[in-house]
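All figures in this text were calculated on a predicted structure; none of them were measured in a lab. Heads up: numbering here begins at 1 and tracks the sequence.
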Amino acid sequence: MSQQSNDIHGDKILILDFGSQYTQLIARRIRELGVYCEIWAYDNPIASVEAFAPKGIILSGGPSTVTQDTAPRAPEGLFDMGVPILGICYGLQCMAATLGGQVSTSDKREFGHAQIELIEANALLKEATQNVWMSHGDKVTAIPEGFKVIASSDNAPLCAIADESRHFYGVQFHPEVTHSEFGKDLLARFAHDICECQQAWSPANIIQDAITQARQKVGTDHVILGLSGGVDSSVVAALLHQAIGDQLTCIFVDNGLLRKNEGDQVMKTFAENMGVRVIRVDAEARFLSELEGESEPEAKRKIIGRVFIEIFEEEARKIDNAKWLAQGTIYPDVIESAASKTGKAEVIKSHHNVGGLPDDMELDLLEPLRELFKDEVRAIGLELGLPAAMINRHPFPGPGLGVRILGEVKKEFADLLREADDIFMQELYNSGWYDKTSQAFAVFLPVKSVGVVGDNRAYDYVIAIRAVQTIDFMTATWAPLPYELLAKISNRIINEVRGISRVTYDISSKPPATIEWE
């Protein structure tokens with residue numbers, strides 16, 4: 001992520017991340033308010049923070065305890081910058097401890113709903129009482145000089161504090177989550193009233209800036225885009241087509257791991273309806289050959305990513321002046337991959353857009369969505385005129401069915417999974433449940449179970465279906481699909497897909513499970 005200021009961003013807020021699972025939510029909420037923000041690791045040097053020139057700073061929550069000597073701290077000099085600062089959960093405790101207050105381990109940890117009461121009038125909190133979401137084991141027990149207590153709860157009497165002369169505020173609860181009743185109002189007051197940020201971050205402005213930057217970077221060069229049919233690559237295609245027209249060539253790689261009829265749908269939308277230049281490459285045999293014998297999920301992802309790049313470069317050599325590879329990398333990809341590289345987060349799985357690229361790749365990268373969250377990508381896709389059905393599709397992993405087939409990938413397995421997944425999607429659409437779920441898909445299990453088909457014994461494969469509901473994809477719960485719908489889906493898959501003898505429904509939440517199985 002570039003740490004340079006662009007005019008299109010307007011006023012900016014910087015979020016220093018101490019490792020909270022909710023940090024991306026803070027950023028999304030601020031951007032929803034029309035204010036640009038970025039997430040940086042807490043240990044960025046103060047010189048970089050000053051160069052970013054934020055009008056306000058937010059200190060996120062985190063899993064550490066500030067009572068330990070090794071606990072992460074804000075950059076030295078941060079509280080001398082003269083800009084408003086909001087500390088959330090650990091951020092409050094870090095602020096209090098740094099400025100001379102006291103933080104202690106609480107006798108009673110607090111996770112979940114709580115009610116707070118306003119103690120004193122202030123610019124941040126206005127409601128007399130409100131329900132909030134707590135997640136802490138420590139609490140502030142003495143406030144720094146110059147601060148006042150502005151709200152309290154039964155378990156944390158000093159749960160919100162303020163030094164209004166310096167515009168420093170801290171809250172023990174998480175205003176960014178939907179469980180906090182007036183959380184969005186709190187963040188709006190901080191961004192708009194206290195930091196005095198103007199609302200310059202909008203889909204129309206984002207599009208115009210992305211177009212301008214793409215034209216400046218590319219010049220007269222040619223751009224290659226790997227078009228998958230997913231939301232991110234589709235929005236990149238529409239954006240770059242508007243920016244550089246015939247200088248864009250989309251390569252649609254049919255890797256044999258796509259959903260049913262997806263290839264034809266992609267060609268119809270972009271090549272036929274939008275006039276985008278699309279080269280369709282039938283590479284199913286190549287991908288399956290490379291994947292043969294490999295069952296480890298991360299290795300499969302890397303193989304699929306590598307072969308994609310190889311194909312791009314082969315096709316690029318056929319195009320005069322092709323010097324750029326466009327990708328649908330979005331901001332969460334950048335944040336999570338950067339965290340894994342710096343050791344601040346565990347690698348759960350690599351992102352196809354930011355992992356697996358060869359060091360000797362011949363094309364330069366062009367990533368026009370790199371600063372955007374998924375909801376922002378959808379908003380600009382609609383602004384660009386893409387069909388709502390395409391923009392509102394559930395997420396589909398870059399490696400496609402390659403990571404929805406557990407273990408080794410074979411053509412037989414992919415064909416069975418395609419048919420089962422298509423039936424699942426049909427029934428979700430027909431029942432109205434597609435829009436009630438955030439992501440739904442079928443998974444192929446490489447195990448066989450006994451079944452009875454007619455009067456005959458069958459010994460065939462198993463399909464698992466999964467549907468989840470989530471706001472941010474950081475946490476998710478399984479969707480309570482009606483029994484009648486589950487029965488219909490199961491019956492259709494077993495009756496219509498020869499080779500499947502059993503259907504199971506995954507009722508795991510995230511965490512501890514991930515949304516995808518691999």
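Between the CG atom of Asp17 and the CG atom of Asp43 there is a distance of 10.0 Å, given to the nearest 0.5 Å. Atom OG of residue Ser501 and atom CD1 of residue Ile494 lie 7.0 Å apart, to the nearest 0.5 angstrom. Distance check, rounded to the nearest 0.5 Å: CH2 of Trp133 to OG1 of Thr178 gives 9.0 Å. The CH2 atom of Trp517 sits 12.0 Å away from atom CZ of Phe444, with the distance rounded to the nearest 0.5 Å. Rounding to the nearest 0.5 Å gives a distance of 7.5 Å between CD of Glu408 and CZ of Phe413. Between the CG atom of Asp282 and the CZ atom of Phe287 there is a distance of 10.5 Å, given to the nearest 0.5 Å.
Looking at Arg378, its side chain does come within 3.5 Å of a backbone N or O of Ile391 through a donor-acceptor pair. Remark: side-chain polar atoms of Ser431 are paired, donor with acceptor, to backbone N or O of Glu427 under 3.5 angstrom. Between the side chain of Gln469 and the backbone N or O of Lys436, at least one donor-acceptor pair lies under 3.5 Å. The main-chain N or O of Glu518 is found under 3.5 Å from a side-chain atom of Arg301 such that the two form a donor-acceptor pair. At least one donor-acceptor pair closer than 3.5 Å links the side chain of Asp421 to the backbone N or O of Ala442. In terms of modelled atom types and a separation under 3.5 Å, the side chain of Ser64 and the main chain of Ala71 share no donor-acceptor contact. Judged purely by atom type and a 3.5 angstrom limit, Asp422 has no side-chain atom pairing as donor or acceptor with the backbone of Glu419. In this structure a side-chain-to-backbone donor-acceptor pair under 3.5 Å is missing from Arg418 to Leu401. Of the possible polar contacts, one joining the Lys300 side chain to the Gly407 backbone as a donor-acceptor pair under 3.5 Å is found. Looking only at distances, a side-chain donor or acceptor of Asn321 sits under 3.5 Å from a matching main-chain atom of Thr220.
For the pair Lys184 and Leu33, the minimum side-chain heavy-atom distance is below 4.5 Å. The shortest distance between side-chain heavy atoms of Met390 and Val266 does not fall below 4.5 Å. Side-chain contact between Lys260 and Met425: absent, with no pair of heavy atoms (C-beta onward) separated by less than 4.5 Å. Put simply, the side chain of Ile57 does not reach to within 4.5 Å of the side chain of Phe52, judged on heavy atoms. Taking the side chain as every heavy atom from C-beta outward, Asp209 and Asn205 never approach each other to under 4.5 Å. Residues Leu366 and Lys217 have side chains in contact (heavy-atom distance under 4.5 Å, counting atoms from C-beta outward). A heavy-atom distance below 4.5 Å is not found between the side chains of Cys89 and Tyr22. Residues Tyr461 and Val447 have side chains not in contact (no heavy-atom distance under 4.5 Å, counting atoms from C-beta outward).
The local environment of NZ in Lys488 is sparse, with at most 12 non-hydrogen atoms from other residues, nucleotides or ligands closer than 6.0 Å. Applying the 6.0 Å contact sphere to CG of Asp246 captures no more than 12 heavy atoms from other residues, nucleotides or ligands. Counting heavy atoms of neighbouring residues, nucleotides and ligands inside a 6.0 Å radius, atom CD of Gln439 exceeds 12 of them. Around the CD atom of Glu292, the shell of radius 6.0 Å holds no more than 12 heavy atoms that belong to other residues, nucleotides or ligands.
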Worked verdict on Ile500 versus Asp460 for side chain to side chain contact (heavy atoms under 4.5 Å, CB included): CA-CA 5 Å; Ile500 302 299; Asp460 291 321; 5.7 Å; no
Take Lys12 and Glu38 through the salt bridge (Lys or Arg N to Asp or Glu O under 4.0 Å) test and state the conclusion after the steps. CA-CA 8 Å; Lys12 304 187 295 293; Glu38 290 188 12; over 6 Å; no
Evaluate the criterion side chain to side chain contact (heavy atoms under 4.5 Å, CB included) for residue pair Asp415 and Lys411; output intermediate values, then yes/no. CA-CA 6 Å; Asp415 289 342; Lys411 178 173 172 52; 3.3 Å; yes
For Val307 and Val253, run side chain to side chain contact (heavy atoms under 4.5 Å, CB included): C-alpha distance rounded to whole Å, both residues' side-chain angles, the deciding distance at 0.1 Å, then the answer. CA-CA 10 Å; Val307 177; Val253 180; over 6 Å; no
For Arg280 and Asp264: C-alpha separation, side-chain torsions, deciding distance, then whether salt bridge (Lys or Arg N to Asp or Glu O under 4.0 Å) applies. CA-CA 10 Å; Arg280 186 172 183 173; Asp264 294 339; 3.1 Å; yes
Under the criterion side chain to side chain contact (heavy atoms under 4.5 Å, CB included), I'd like the reasoning laid out for Asp375 against Glu32: C-alpha separation, chi angles, the key distance, then a yes or no. CA-CA 9 Å; Asp375 47 357; Glu32 286 169 2; 3.7 Å; yes
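Residues satisfying the salt bridge (Lys or Arg N to Asp or Glu O under 4.0 Å) criterion with Arg498, sequence neighbours excluded, are absent altogether.
Figure legend: cation-pi geometry between Arg259 and Phe396, with NZ or CZ positioned under 6.0 Å from the six-membered ring centre and within 45° of its axis.
Shown here for Phe252 and Met267, the closest heavy-atom pair between the two residues is CD2-SD, 4.3 Å. Taking each heavy atom of Glu516 and Pro397 in turn, the nearest pair found is OE2-CD, 3.5 Å. Arg466 and Phe424 make their closest contact through O-CE2, 3.6 Å (heavy atoms, listed as atom of the first residue, atom of the second, distance). Heavy atoms only, all atoms of each residue included: Val497 and Ala420 are closest at CG2-N, 4.0 Å. Listed here is the closest heavy atom pair of Ser60 and Phe18: OG-N, 2.8 Å. Residue Trp40 comes nearest to Asn44 through the heavy atom pair CB-ND2, 3.5 Å, listed as atom of the first residue, atom of the second, then distance.
A ring pair (Phe, Tyr, Trp, His ring centres under 6.0 Å) with Phe373 is found for exactly one of Tyr36, Trp201, Tyr331, namely Tyr331. Checked options Glu176, Glu371, Glu376; the residue passing with Arg31 is Glu376 (criterion: salt bridge (charged side-chain N to carboxylate O under 4.0 Å, His left out)).
Residues Thr470 and Ser438 have side chains that never bring a donor and an acceptor to within less than 3.5 angstrom of each other. With no hydrogens or angles considered, a side-chain donor-acceptor pair links Gln426 and Arg492 at under 3.5 Å. No side-chain donor from either of Thr329 and Arg370 sits under 3.5 Å from a side-chain acceptor of the other.
Between Glu310 and Arg306, at least one side-chain nitrogen of the basic residue sits less than 4.0 Å from a carboxylate oxygen of the acidic one, meeting the salt-bridge criterion.
Ring geometry for Tyr505 versus Trp478: interplanar angle over 60°, hence perpendicular rather than tilted (30 to 60°).
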